[in-house]
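In what follows, chains are A, B, ... by sequence order, proteins preceding strands, each numbered from 1. The figures here come from the full heavy-atom set of this structure, side chains too, leaving out hydrogens, waters and symmetry mates. Computed from a prediction, not measured in an experiment: that's the story for all the values here.
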Protein chains: 2
Amino acid sequence: MATPRLRNKKLSEPTISRLPVYQRIAEGWRNRGLQHIDSEQIGGLAGVTATTVRRDLAGLGSLGTRGAGYDVQVLIERIAEALGHDIGYDVVVVGMGNLGHALVNSSNFLTRGARLVGIYDSSPEMIGTYVAGQQVKSMNEPMIGATVGVITTPGSAAQDVADKFVKAGIHAILNFAPQVITVPLGCAVHYVDFSIELQILMYHLNNGTGPLGGGLLHSLGIASVTMPRSS
Amino acid sequence: MATPRLRNKKLSEPTISRLPVYQRIAEGWRNRGLQHIDSEQIGGLAGVTATTVRRDLAGLGSLGTRGAGYDVQVLIERIAEALGHDIGYDVVVVGMGNLGHALVNSSNFLTRGARLVGIYDSSPEMIGTYVAGQQVKSMNEPMIGATVGVITTPGSAAQDVADKFVKAGIHAILNFAPQVITVPLGCAVHYVDFSIELQILMYHLNNGTGPLGGGLLHSLGIASVTMPRSS
DNA sequence: GGATGTGAAGTAGTTCACAGCC
DNA sequence: GGCTGTGAACTACTTCACATCC
């Protein structure tokens, strides 16, 4: 009760997208044995101004020290708290192709509150084998208790998988398949698309604007969809 | 000369990140044999309002038809033109682990102007083998003529790869390794991080805000960095 | 001295509302 | 009738500038 839930204070969308970046930077600092970091250093690495960093972090409460900057350990913890990592989530991944393997084996994908509780594939050769310490299940097996579903199948299978997720009560979907999927209202689909990243980078390359040309700064691009059934 | 370069008109950052999404939606429509789409339909699928869609597209010139919506073919072409796909880019990918395989085999990563001109790995077992029709090269071989470099190595190798890119004259880097890298000023690093996507999705899940709760809308998250050498 | 945290000002992006056109 | 394209109003985010505190 000492610390009222920071979660109540709603953070702006841009801030939310930057906090994980700051967290990663702080982790890098800590791993190199450094204890303090200031807003200018974070901004330089994240590609935003020092003022923006301070404003973002001020939203989490007073966690800096005037004259000295931020303690990296405190920073990491408070960001984790604000993003809800202390709650924990159960994640299932469907599609054990190269991308699925890459994800579940990644040291970073499943940290920070996420727990892998099931991996699935439709291919008979794949089912029953072990990946990242877990046995690959058939799509017919239930997906009990998961909160987040990740789709790493080819585009053609994405809608079927999404339907299974919805039936299993999963409200949040991370879709890596290059395919727009439809889900009932109230279900969030977050859409990750590599080619879109590449396209945005290329636009800036063409125009000399944005991240190029000495400017620092940002980027992004990815769509999220919630919509009624049909089309 | 009939059509002056659309590229001159600078588009806003949010618009740039949404255009590839609209393009993908239009492609999906076309693939299902549909010829027209209106701003409301695009918005529903992309997770933005119809007005935002119209404003974004108006920036590319008058490509809609009042009363009828947009012709999907025209839409696809004009967005491609605006993003510079008619120019074409040479891409090299370093790191032929699961993620590297997933990328170069993806039907979507290397379309729309991108050409794969080289794939590299440091592992002796990997070098010389063929992936996606290309022979994997040693890191010692030159990277002539590439404009964009993609890093899909473990984090520990990312900085070395970035250094090689810089020496080879590559100005734009797409970094999938969970590692902040430093490059000379004038070089753009676009940072793609799966765990960050997951974190943002989880934040919304916790708070019931954003993409959840019947609202449509968006997302994103990924950092891009340009900064001087050192740390 | 030095860096945070924040009112105030400025800028950018979104949404409203409707005129214009098919 | 229906949907685009856009001035005008609004909202949100960023940046400035500085008081505040270590």
Practice problem: Give a yes/no answer on whether the side chain of A/Thr65 brings an N or O atom under 4.0 Å of OP1 or OP2 in D/dC22. | Solution: no

Quiz item: Which part of the nucleic acid does A/Thr15 contact within heavy-atom distance under 4.0 Å: base, sugar-phosphate only, or nothing?
Solution: nothing

Self-check item: Listed partners of A/Asp71 passing salt bridge (charged side-chain N to carboxylate O under 4.0 Å, His left out), at least two apart
Solution: none

Practice problem: Report, as yes or no, whether the 6.0 Å neighbourhood of atom CD on A/Gln35 holds more than 12 heavy atoms from other residues, nucleotides or ligands. | Solution: no

Self-check item: Exercise: do A/Asn31 and A/Glu27 side chains pair donor with acceptor under 3.5 Å
Solution: no

Quiz prompt | Protein-nucleotide distance (B/Leu60, atom CG; D/dT4, atom P), rounded to Å | solution = 14 Å

Self-check item: Qualifying residue for side chain to side chain contact (heavy atoms under 4.5 Å, CB included) with A/Val91, from A/Thr147, A/Val148, A/Ile170
Solution: A/Val148

Quiz prompt | For atom CG of B/Asp38 and atom P of C/dC21, their distance in whole Å | solution = 21 Å

Quiz item: Given atom CZ of A/Arg18 and atom C1' of D/dT14, what is their separation to the nearest angstrom?
Solution: 9 Å

Quiz item: Tell me: CD1 of B/Ile42 to P of D/dG5, nearest whole Å?
Solution: 10 Å

Quiz item: Could you state the CG-P distance from B/Asp71 to D/dT4, rounded to the nearest angstrom?
Solution: 13 Å

Quiz item: Between the side chain of B/Ser106 and the main-chain N/O of B/Phe109, is any donor-acceptor distance below 3.5 Å?
Solution: yes

Quiz prompt | Distance, rounded to the nearest Å, where B/Asp56 contributes CG and C/dT14 contributes P | solution = 7 Å

Exercise. Sugar-phosphate atoms are those with a prime plus P, OP1 and OP2; base atoms are the rest. Using that split, label each nucleotide of nucleotides 15-20 of chain C B, S or - for protein heavy atoms under 4.0 Å, 5' to 3'.
Key: BBB-BB

Quiz item: How close do A/Ala158 and A/Thr153 get, heavy atom to heavy atom, and via which atoms?
Solution: N-OG1, 3.7 Å

Self-check item: Shortest non-hydrogen contact from B/His36 toward B/Gln41
Solution: O-OE1, 4.4 Å

Quiz item: Which is true for A/Ile37 with a 4.0 Å heavy-atom rule: it touches a base, it touches only sugar-phosphate, or it touches nothing?
Solution: nothing

Quiz prompt | Gap between atoms CG and P, on A/Leu11 and D/dT14 respectively (whole Å) | solution = 12 Å

Exercise. Compare side-chain N and O positions of B/Tyr70 against OP1 and OP2 of D/dG2 and report whether any pair is under 4.0 Å apart.
Key: no

Self-check item: Whole-Å distance separating the CD atom of A/Gln41 from the C1' atom of C/dT4
Solution: 14 Å

